[in-house]
2 protein chains.
Amino acid sequence: MPTKSPVRSRKAQIEQKATALFRTRGFAGTSMRELATELGMEAGSLYSHIRSKEELLHRICFELAELFFAGFSAATQEAGRPVSFQLRLAIESHVRVLTRDVAASAVFLHEWRHLSEPARTEFLALREQYEAGFRRLVQQGTATGELTTPDPAFATLTLLASLNWLPTWYRPDGTLTPDEIGHRLAEQLLRGLAAKEQPSN
Amino acid sequence: MPTKSPVRSRKAQIEQKATALFRTRGFAGTSMRELATELGMEAGSLYSHIRSKEELLHRICFELAELFFAGFSAATQEAGRPVSFQLRLAIESHVRVLTRDVAASAVFLHEWRHLSEPARTEFLALREQYEAGFRRLVQQGTATGELTTPDPAFATLTLLASLNWLPTWYRPDGTLTPDEIGHRLAEQLLRGLAAKEQPSN
DNA sequence: AAAATTTGCTAACGAACGTTAGGAAACATA
DNA sequence: TATGTTTCCTAACGTTCGTTAGCAAATTTT
């Protein structure tokens, strides 16, 4: 009996398919009826496994947030590492999380607006906290002289922008592995912040 | 009688308010009833001025596309300019269009998925064409030796990513003018592609 | 094997949706 | 002022939505 896919619980199937649909159609543009149809069942049956449509979204958002924080911690926890190295590791970790499940990442980055309060505000606070971590790294890097930028906050925005656009173009079946992508992005972005060379004005 | 705002046609008011709502709630998450309420009227009345909800989205998407193309043309039409200079101008033009109406830009970048066919496919083709223009610039720049990157396509993605994340953070009342932002982004991004200095491997 | 639990279908609920059509009110034109 | 046009309210349409509850079937547990 060749089984091509690992057997998943019904709930896991629902979550995976919901993630895919939320990504392509948006949260508000995805109905529970079409989700159920994609799974070969009726919409009413979904509620044997989940509480609500919003619960699906909530899980995607807050579970990915945890992964982002865990990766950032691992990248930056070891004392004594050069700041620019920590920043490189943080970039690479961010890319790893984004590429782990690119549909979930796209949902995470755009569909949070559909969370009800207080989850919505909570999510935004987490996001700000995570970004502040990157900002601190860039600031520390300029303070130590490893990095150069006239505006650390602006540079951080640019950096995160490059990273967070990834779900729009990344394909798991593309030629580059997630680690290669992370490496390249880190290279290019850090090159733009490198302190050794002066830009020609 | 001090009038603070210029008097606009009802249609212009509808379009402006729809743009704002589509930006914050998404196209699918915005109802015609709430749009009408924001304008102090009833939903049924909107149809004296517009044909459909989708027409509003269609206009946002295709009018901005025109602006992007016009800006790119102006940046790259003059023969003899160094490629990296053209790229700089193209970046700055892109930022000018994005910052012209940041809500419309956010809608343009994310809500196109709600266009029906054939408009949806048409829009994606336009987008690809515009991005191909940037790719050509980067490729030409590496061919002339003005720019350096092991992968022009990848570098272009990174560049456009930095630009297209702008609507998430830009505030018209912020400290930087659109031209300043364009200049900074161009500086930082081109610095990451500059051919004169070799990155430390 | 019997009992308990889970799963899924089904019909339905109350609410919400984009839009239409009729008519009154407001405005513009002759 | 009379006429024509536009704007808006209103009620309603047909459709869709997320979800609930009842029950039978399937599965699991005892």
Side-chain angles (χ1 to χ4, degrees), chain A residues 1 3 5-61 107 111-120, chain B residues 1 3 5-61 107 111-120:
Chain A
M1 173 73 75
T3 301
S5 307
V7 175
R8 274 191 258 185
S9 74
R10 199 56 156 167
K11 182 164 188 179
Q13 289 173 3
I14 290 168
E15 287 176 344
Q16 186 267 329
K17 183 58 66 173
T19 302
L21 285 174
F22 291 169
R23 191 265 175 92
T24 55
R25 302 193 202 294
F27 177 78
T30 301
S31 75
M32 300 306 267
R33 285 173 178 85
E34 70 190 316
L35 173 56
T37 299
E38 290 268 324
L39 290 160
M41 60 200 286
E42 298 293 329
S45 310
L46 294 170
Y47 297 88
S48 293
H49 306 274
I50 63 167
R51 257 177 303 231
S52 68
K53 185 182 184 185
E54 184 166 331
E55 182 193 69
L56 292 167
L57 177 63
H58 192 281
R59 286 198 65 164
I60 295 167
C61 294
V107 172
E111 304 297 318
W112 53 266
R113 79 181 69 172
H114 298 289
L115 291 171
S116 311
E117 293 293 351
R120 192 174 187 274
Chain B
M1 171 76 74
T3 301
S5 310
V7 176
R8 275 191 257 183
S9 74
R10 198 60 157 164
K11 182 161 187 178
Q13 289 174 3
I14 290 168
E15 287 174 343
Q16 186 267 330
K17 183 57 67 173
T19 303
L21 285 174
F22 291 169
R23 190 265 174 92
T24 54
R25 304 194 200 294
F27 177 78
T30 300
S31 74
M32 300 306 266
R33 285 173 176 81
E34 69 189 317
L35 171 57
T37 298
E38 291 268 325
L39 291 159
M41 59 200 284
E42 298 292 329
S45 311
L46 295 170
Y47 297 87
S48 294
H49 306 273
I50 62 166
R51 257 177 302 227
S52 68
K53 185 184 184 183
E54 184 164 331
E55 183 193 67
L56 292 167
L57 177 62
H58 192 281
R59 287 198 63 163
I60 295 165
C61 294
V107 173
E111 302 300 316
W112 53 264
R113 80 183 67 171
H114 297 291
L115 293 169
S116 311
E117 293 293 351
R120 192 174 187 274

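Computed over heavy atoms, backbone and side chain alike; hydrogens, waters and symmetry mates excluded. Residue numbers start from 1 in every chain, and the chains themselves are labelled A, B, ... in the order their sequence lines are given, proteins ahead of strands. For clarity, every value in this text was computed on a predicted model and none was experimentally measured.
In terms of the side-chain contact (heavy atoms from CB on, under 4.5 Å) criterion, residue partners of A/Gln16 (sequence neighbours excluded) are, by chain and number, A/Arg8. Scanning for side-chain contact (heavy atoms from CB on, under 4.5 Å) contacts around B/Glu42 gives B/Ser45, with sequence neighbours left out. Applying the ring pair (Phe, Tyr, Trp, His ring centres under 6.0 Å) test to A/Phe22 and every residue at least two apart in sequence or in another chain returns A/Phe27. B/Ser52 meets the side-chain contact (heavy atoms from CB on, under 4.5 Å) test with B/Glu54, B/Glu55; sequence neighbours excluded.
Only one option out of A/Thr37, A/Thr30, A/Leu39 pairs with A/Lys17 in a side chain to side chain contact (heavy atoms under 4.5 Å, CB included); it is A/Leu39.
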### Task
Take B/Glu34 and B/Arg25, measure what side chain to side chain contact (heavy atoms under 4.5 Å, CB included) needs, and give me the verdict at the end.
CA-CA 11 Å; B/Glu34 69 189 317; B/Arg25 304 194 200 294; 2.8 Å; yes

#### Entry: side chain to side chain contact (heavy atoms under 4.5 Å, CB included) evaluation trace for A/Met32 with A/Ile50
CA-CA 11 Å; A/Met32 300 306 267; A/Ile50 63 167; 3.6 Å; yes

### Message
Counting primed atoms plus P, OP1 and OP2 as sugar-phosphate and everything else as base, spell out the protein contacts along nucleotides 16-28 of chain C at 4.0 Å heavy-atom distance: B, S or - for each nucleotide, 5' to 3'.
### Response
-BBBB--------

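Boundaries of the chain B contact region on DNA chain D are D/dT7 to D/dA12, first to last in 5' to 3' order (nucleotide atom under 4.0 Å from a heavy atom).
Without hydrogens or angle criteria, A/Arg113 side chain to B/Arg23 main chain gives a donor-acceptor distance under 3.5 Å.
Residue A/His49 has a polar side-chain atom (N or O) positioned under 4.0 Å from OP1 or OP2 of C/dG8.
One interatomic measurement links the two molecules: CG of A/Leu46 to P of C/dC9, which rounds to 9 Å at whole-angstrom precision.
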